Amino acid sequence: MSASRDDFGIAFRSALLQRGAAQKFSLFSLIILACVIFFLDVYGFTFMKPVRAVINDGIYKVSLVVSSPSRFVPKATESVTSLFNIKRENEQLKRELEIYKQKELNVEFLSNQNKNLKKILESEESFLKKESMILSKVLIDKTSPYLKSIIINRGSKSGVLKGMPVLDKEYLVGRVVETNYLSSRVLLLNDLNSRIPVTFGEEGVQAILKGVGGNRPLLEYLPEDFIVEEGIDVFTSGKDGIFLPGSPIGKTMINGEVKLFSESSQLSFVKVDISNQEKENF
Amino acid sequence: MPRFKLMQKSINFGPLILLYYLSISEIDTYFENYFEILSFNIQLIIIYFWCLKRPEVFGNGHIFFAGLINDAVMGIPLGVSSISYLVTSLVATYVKNMTVNTSITTDWFTFFIAIFSSNSIFLILITNFSDIILSFTEISYNTFFTLIFFPFFWFIFNFYNSAINTGKNV
């Protein structure tokens with residue numbers, strides 16, 4: 001029995017401390033070093049913030065380059081597939097064109113009118129929003145079973161601060177949770193750690209939209225005995241003072257889940273609302 | 001001849017390159033589009049297999065750095081994945097020291113101990129010392145599927161192992 005214990009001790013010590021021809025560091029020393037780094041990072045010592053930001057920026061850039069082949073292959077496959085479909089699509093379009101030609105006069109008048117109205121609307125919208133929105137590219141959207149987040153190519157250099165809302169077209173997709181000099185991490189609405197105050201329905205029901213890790217976040221803190229109807233638009237309530245009220249998020253489902261307007265796995269470009277520059281909202 | 005040597009060297013570095021590539025690239029092993037709960041951790045399988053079969057292929061320092069890179073990409077506190085990977089390596093080294101002949105079944109069983117220890121430490125550190133909320137169920141699924149897929153990778157890596165000559169004369 002004691003010989004067996006001795007064997008265990010010897011083998012365990014050997015595994016921890018051994019340094020062979022290929023091992024420059026013992027496992028023990030590296031585990032201790034990893035623990036030190038972990039606690040320095042977790043307890044947020046002031047010198048760790050810039051260090052982590054530099055490491056993140058560097059690694060995100062390398063990751064972007066390294067991931068480019070994996071992005072290229074699906075795009076190339078898509079192009080080849082679409083090439084095969086072109087002929088069929090072309091014939092179909094020719095038929096449709098004949099139909100549309102017959103309605104041309106009527107459509108031309110309506111479309112011109114529509115274009116003019118859109119121009120007026122766009123000029124007003126851009127006047128209001130250009131200064132407070134910055135467009136950014138999604139660098140990395142590595143899907144994790146635990147965390148739902150993306151990395152964007154705008155950081156503190158562009159005025160991005162923690163807590164700023166991030167939108168895909170006009171739909172809210174998440175908020176900034178980490179800023180580096182040249183990049184930022186955005187926590188998506190469906191992440192377990194996400195909580196957003198929302199409002200919906202004609203009565204303006206208030207609730208908290210909680211990420212559950214899956215594709216559809218859940219409405220919580222609803223009024224007592226409240227039954228959620230399907231197909232009602234959900235908007236940010238702005239109660240937290242972080243998000244502007246009225247940003248559309250998704251539609252309710254019968255079980256209290258919300259089907260998001262924006263598919264988080266399909267994000268290429270997003271907009272960051274940098275209007276609130278006063279402090280980090282987190 | 002020098003060309004052959006270069007090729008052989010590249011083959012020897014294969015597992016190490018794969019480990020770094022999986023840690024830094026956007027490629028993930030989370031297949032929610034196909035099957036919502038399907039996710040597994042190839043890095044742990046790579047580390048366990050090669051530490052057990054051919055520790056000369058990559059050193060502990062590389063495991064440590066791959067963990068740090070993975071933490072930065074995933075947005076979790078630095079050092080957690082390093083500790084998790086090093087614990088897997090520790091179990092593999094211990095098993096290697098204690099056993100002479102191993103088969104797929106013994107490797108599979110001991111891998112369960114390694115992955116259980118590794119993921120337990122990962123979960124304990126994240127839930128107790130950081131603000132991140134993790135789903136215990138997701139980690140359990142991840143552990144389960146990593147364990148299930150181990151034999152598949154065992155056969156692939158075993159085949160690859162025969163092409164490597166690092167440490168054959170050690």
Side-chain angles (χ1 to χ4, degrees), chain A residues 7-8 10-12 14-16 18-31 33-43 48 52 55-56 58-60 62-64 66-67 69-71 140-147 149 151 177-178 185 187 191-193 212-215 265, chain B residues 20-21 24-30 32-33 36-37 39-40 55-61 63-64 67-69 71-83 85-87 89-98 125-126 129-135 137-139 141-142 166-167 170:
Chain A
D7 285 350
F8 170 81
I10 292 165
F12 191 72
S14 168
L16 262 179
Q18 194 180 38
R19 284 196 296 159
Q23 310 295 349
K24 290 191 176 65
F25 308 98
S26 69
L27 273 171
F28 180 72
S29 59
L30 287 172
I31 289 173
L33 181 62
C35 288
V36 170
I37 292 172
F38 172 73
F39 285 110
L40 284 175
D41 194 26
V42 163
Y43 290 110
M48 273 307 282
R52 169 121 202 186
I55 292 172
N56 285 348
I59 288 176
Y60 295 160
V62 176
S63 179
L64 182 67
V66 169
S67 304
S70 64
R71 288 181 178 197
I140 303 164
D141 60 346
K142 186 166 180 165
T143 320
S144 154
Y146 315 132
L147 299 172
S149 62
I151 311 291
V177 287
E178 182 188 79
R185 181 177 290 276
L187 190 77
D191 185 273
L192 263 179
N193 300 274
V212 287
N215 286 329
S265 61
Chain B
Y20 274 120
Y21 186 73
I24 204 164
S25 75
E26 217 178 26
I27 290 177
D28 49 62
T29 43
Y30 182 40
E32 63 172 350
N33 294 338
E36 203 176 333
I37 57 170
S39 73
F40 56 95
E56 302 84 9
V57 166
F58 47 67
N60 296 328
I63 298 172
F64 173 78
L68 284 185
I69 290 168
D71 290 333
V73 173
M74 302 303 286
I76 49 180
L78 289 177
V80 191
S81 296
S82 296
I83 296 169
Y85 291 175
L86 288 167
V87 167
S89 171
L90 174 68
V91 176
T93 316
Y94 173 75
V95 171
K96 188 178 169 60
N97 287 346
M98 288 296 278
L125 287 174
I126 290 282
F129 297 101
S130 80
D131 301 328
I132 297 169
I133 302 166
L134 287 186
S135 162
T137 324
E138 296 283 2
I139 292 188
Y141 284 140
N142 186 271
T166 307
V170 177

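Order of the sequence lines sets the chain letters (A, B, ...), proteins ahead of strands, with each chain counted from 1. These numbers come from the heavy atoms of this one structure, side chains and all, not from hydrogens, waters or symmetry mates. Nothing here was measured: the structure is a model prediction, and the numbers come from that model.
Taking all atoms of both residues into account, the shortest heavy-atom contact from A/Ile59 to B/Ile69 is CD1-CA, 4.0 Å. Between B/Ser89 and A/Leu27, the shortest heavy-atom contact is OG-CD2, 3.6 Å. In plain terms, the two heavy atoms of A/Val42 and B/Pro77 that are nearest each other are CG2-CB, 3.7 Å.
The shortest distance between side-chain heavy atoms of A/Ile37 and B/Ser82 does not fall below 4.5 Å. In this structure the side chain of B/Ile83 reaches within 4.5 angstrom of the side chain of A/Cys35, judged on heavy atoms.
The line from CD1 of A/Ile31 to CG of B/Asn60 is 8.5 Å long, rounded to the nearest 0.5 Å.
For A/Tyr43, the side chain to side chain contact (heavy atoms under 4.5 Å, CB included) test picks out A/Phe39, A/Phe45, B/Phe129, with sequence neighbours left out.
For A/Ile55, the part lying near chain B is the side chain, with the backbone staying farther off; criterion is any non-hydrogen pair under 4.5 Å. Heavy-atom distances place both the backbone and the side chain of B/Ile76 under 4.5 Å from chain A.
When the candidates B/Gly67, B/Gly75, B/Ser135 are compared by the number of heavy-atom contacts under 4.5 Å with chain A, B/Gly75 comes out ahead.
A/Asn193 places no side-chain N or O within 3.5 Å of a backbone atom of B/Ile132 that could act as its donor or acceptor partner.
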